[in-house]
2 protein chains.
Amino acid sequence: MSGERTPRRDDGERRFLDAYDPGAYAPAAVTVDVVALTIRAGVPHVLLMRRSARPQLGWWALPGGFVRAQDGPDGPADPDLPDAALRVLSEKTPLPTELHLEQLGTYGALDRDPRMRVISVAYVLLAPDLPDPETDADQAAWIPWSALGHGDGGDRGGRAEIDLAFDHARIVADAVERARSKLEYTALATAFLPPEFTITALREVYEAVWGRPLHGANFHRKILATPGFVEDTGRLAERGGPGGGRRARLYRPGGAAFLHPPLLRGAQSSPAG
Amino acid sequence: MSGERTPRRDDGERRFLDAYDPGAYAPAAVTVDVVALTIRAGVPHVLLMRRSARPQLGWWALPGGFVRAQDGPDGPADPDLPDAALRVLSEKTPLPTELHLEQLGTYGALDRDPRMRVISVAYVLLAPDLPDPETDADQAAWIPWSALGHGDGGDRGGRAEIDLAFDHARIVADAVERARSKLEYTALATAFLPPEFTITALREVYEAVWGRPLHGANFHRKILATPGFVEDTGRLAERGGPGGGRRARLYRPGGAAFLHPPLLRGAQSSPAG
DNA sequence: AAGAGAAAAACTCACTTTGAGAACAACTGG
DNA sequence: CCAGTTGTTCTCAAAGTGAGTTTTTCTCTT
């Protein structure tokens with residue numbers, strides 16, 4: 001059992017905490033930045049905002065803001081970092097009901113913000129096609145990855161057309177790589193889709209994120225052979241394709257979080273020779 | 001090209017920065033905690049320290065400390081977070097020349113430290129068998145994972161004998177899971193070994209971290225078939241096993257960071273039937 | 001020096017998974 | 001009804017994996 005070598009909190013502890021002065025340390029500003037990813041018409045996009053304040057006024061940047069460490073005039077403290085990420089993002093764009101949020105990493109280089117030492121905790125949000133942000137008109141927009149230099153799967157030679165503020169280009173690059181590799185080992189691709197979807201729609205998510213075509217028949221076989229990835233609803237899509245075609249079966253996400261075995265991007269290749 | 005929609009820094013920017021007051025935000029304390037992992041005699045260990053200050057005086061905890069946001073009386077500012085992690089750890093134990101350091105995640109729940117809002121950036125450090133910390137005698141020690149409830153590969157039913165301070169048990173659990181999954185997809189196992197090693201030593205790393213035996217012959221075949229995992233030195237180990245046995249070939253880490261295809265823990269199974 | 005036992009490395013074989021393409025089924029639009 | 005399109009199933013060769021056996025080369029003992 002526990003407890004023998006691990007003392008419990010006692011009166012001395014309580015007295016210490018009452019007398020503690022939280023001002024006696026070198027502080028830093030802590031922010032959260034959110035890399036919101038979605039897929040629109042088969043093309044992966046990231047949500048960016050034009051900075052409306054200095055520094056780097058007018059540059060494209062990730063939505064973000066300061067973590068509320070304590071209760072204050074702006075509102076109550078953020079209970080945890082994911083709460084801060086969702087709060088900050090919801091202040092800029094409406095949030096979908098279904099979403100996946102995960103921590104990406106924390107960036108804290110001395111010179112990453114010219115104002116002061118800023119430690120930024122970055123989050124990745126995956127969501128089905130979201131409405132255009134209605135707040136602030138063209139101050140926020142969904143930008144295709146390709147405009148940031150992440151066009152193809154290997155990021156080979158892609159040059160960015162848009163420069164981002166601070167070190168946000170690096171953060172977006174890390175988020176894109178995170179999404180690409182997570183699709184290999186987890187069932188996360190369904191986070192980009194509505195509650196019910198076809199295998200073809202699922203394949204198009206993989207193709208969009210990885211930036212290359214997959215073999216439809218093999219993909220189909222693999223998905224159905226992976227336990228817990230998808231679950232058959234028993235129903236069919238309303239219509240076939242616009243130019244004809246069989247109606248596709250509808251699936252919903254299965255319970256599995258991880259894929260065993262994984263769906264490797266290095267292995268599966270294009271149908272075109 | 002860039003620049004058309006992205007204004008460059010101008011005089012207004014410079015004037016803004018000169019007038020900026022860094023005190024006008026709600027601060028939080030930022031710390032780094034390091035989960036140092038190594039393998040001693042086939043058993044994975046983590047470096048823990050007994051807290052010598054309140055709160056939770058006397059409890060086992062991860063080595064850590066405050067990030068130096070700016071230059072101050074204690075020393076110069078940490079240029080980046082990894083620098084802070086290495087500085088903090090080197091203050092408590094000698095560092096090896098070869099090591100792997102990667103960010104694990106950031107923990108910032110409101111109540112994780114009773115003193116104040118503390119945002120902690122956790123790092124994982126993998127290193128070959130390190131000497132015992134000589135500073136402070138029994139204030140720091142290498143503790144086997146099993147004492148923390150991470151004995152077997154699946155963490156099924158393992159109960160911790162040692163409770164950790166704050167949320168450090170959770171951080172260690174995340175680090176252990178990170179190490180276990182990284183061994184599947186990367187060549188990181190060599191970070192636990194000296195510059196030259198045998199395939200058997202490499203297999204023992206996997207067995208220690210995953211907590212289960214692997215099939216030696218298949219492991220051998222798989223390692224040699226994975227391009228860039230290891231590189232033959234052409235030399236042999238000094239001696240065979242203590243009770244006889246062929247001398248093993250010596251390898252060094254290959255250039256590859258990722259394994260294609262991966263070495264899955266779910267797939268490979270024990271030789272005993 | 002010879003032989004028993006031990007460890008590393010190579011080999012065998014059945015089974016599974018994968019890549020590539022062909023075939024079949026079910027639909028749309030004319 | 002027909003041509004074209006899309007979803008689904010099937011086939012087959014190649015590659016990879018799990019399990020066990022065999023061969024090689026050591027150490028230790030007698």
Side-chain angles (χ1 to χ4, degrees), chain A residues 42 184-185 193 196-207 210 212-227 229-230 232-251 259-273, chain B residues 42 184-185 193 196-207 210 212-227 229-230 232-251 259-273:
Chain A
E184 293 189 305
Y185 310 117
L193 294 171
E196 299 196 344
F197 51 85
T198 66
I199 299 287
T200 297
L202 185 61
R203 175 167 51 80
E204 286 167 350
V205 168
Y206 275 89
E207 292 177 334
W210 287 352
R212 69 151 134 146
L214 298 177
H215 187 290
N218 289 344
F219 183 85
H220 202 281
R221 175 182 61 184
K222 173 78 180 177
I223 298 305
L224 296 185
T226 302
F229 196 167
V230 297
D232 196 341
T233 65
R235 287 176 302 108
L236 298 179
E238 286 300 307
R239 294 184 37 102
R246 188 169 169 175
R247 286 163 63 198
R249 204 178 279 260
L250 284 171
Y251 295 85
L259 305 184
H260 278 288
L263 225 168
L264 300 175
R265 33 177 174 163
Q268 191 136 192
S269 69
S270 139
Chain B
E184 293 189 305
Y185 309 117
L193 294 172
E196 300 197 342
F197 50 84
T198 66
I199 300 286
T200 298
L202 184 62
R203 177 168 48 81
E204 286 167 348
V205 168
Y206 275 89
E207 292 177 334
W210 286 352
R212 69 153 137 141
L214 298 178
H215 187 289
N218 289 345
F219 183 85
H220 202 282
R221 174 181 61 186
K222 174 78 179 177
I223 297 306
L224 295 186
T226 302
F229 196 166
V230 297
D232 196 341
T233 64
R235 288 177 301 105
L236 299 179
E238 285 301 306
R239 293 183 40 100
R246 188 169 168 174
R247 287 163 63 198
R249 204 177 279 261
L250 284 172
Y251 296 85
L259 304 184
H260 277 287
L263 225 168
L264 300 174
R265 358 166 206 182
Q268 191 139 189
S269 68
S270 140

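Values reported hereafter were calculated over all heavy atoms of this structure, with side chains retained and with hydrogens, waters and symmetry mates removed. We name chains A, B, ... by the order of the sequence lines, and we start the count at 1 in each one.
For B/Arg249, the salt bridge (charged side-chain N to carboxylate O under 4.0 Å, His left out) test picks out B/Asp232, with sequence neighbours left out. Residues meeting the salt bridge (charged side-chain N to carboxylate O under 4.0 Å, His left out) test with A/Glu207, sequence neighbours left out: A/Arg203. A/Tyr206 is linked by a side-chain contact (heavy atoms from CB on, under 4.5 Å) to A/Leu183, A/Ala189, A/Leu202, A/Trp210, A/Leu214, A/Phe219, A/Phe229, A/Leu259, A/Leu263, counting only residues two or more places apart in sequence or in another chain. Residues satisfying the side-chain contact (heavy atoms from CB on, under 4.5 Å) test with A/Leu224, not counting sequence neighbours, are A/Ile199, A/His220, A/Val230, A/Tyr251. Judged as a side-chain contact (heavy atoms from CB on, under 4.5 Å), and not counting sequence neighbours, the contacts of B/Arg235 are B/Glu196, B/Thr233, B/Leu250.
Rounded to an integer number of Å, the gap from B/Leu264 CG to D/dG18 C1' is 13 Å. Regarding B/Leu263, its CG atom lies at a distance of 8 Å from the P atom of D/dT17, rounded to whole Å. Distance CG (B/Leu214) to P (D/dT17): 13 Å, rounded to an integer number of Å. Counting to the nearest Å, the P atom of D/dT6 and the CD atom of A/Glu204 are 10 Å from each other. Put simply, CZ on B/Arg239 is 12 Å from P on D/dC26, counting in whole angstrom units. Atom CD in B/Glu238 sits roughly 17 Å away from atom C1' in C/dA7 (whole-Å rounding). Distance A/His215 NE2 to D/dT6 P: 16 Å, rounded to the nearest Å.
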Below 3.5 Å is the cut-off: list the nitrogen or oxygen pairs between protein and nucleotides 7-10 of chain D, distance only.
unit_1: D/dG7; atom_1: OP1; unit_2: A/Thr200; atom_2: OG1; d: 3.2
unit_1: D/dG7; atom_1: OP2; unit_2: A/Thr200; atom_2: OG1; d: 3.3
unit_1: D/dG7; atom_1: N2; unit_2: A/Arg246; atom_2: NH1; d: 2.9
unit_1: D/dT8; atom_1: OP1; unit_2: A/Arg249; atom_2: N; d: 2.8
unit_1: D/dT8; atom_1: OP2; unit_2: A/His220; atom_2: NE2; d: 2.9
unit_1: D/dT8; atom_1: O5'; unit_2: A/His220; atom_2: NE2; d: 3.4

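For C/dT17, the OP1/OP2 oxygens have no side-chain nitrogen or oxygen of A/Lys222 closer than 4.0 Å.
Checked by atom type and distance alone, the side chain of B/Lys222 pairs as donor or acceptor with a backbone atom of B/Pro262 at under 3.5 Å.
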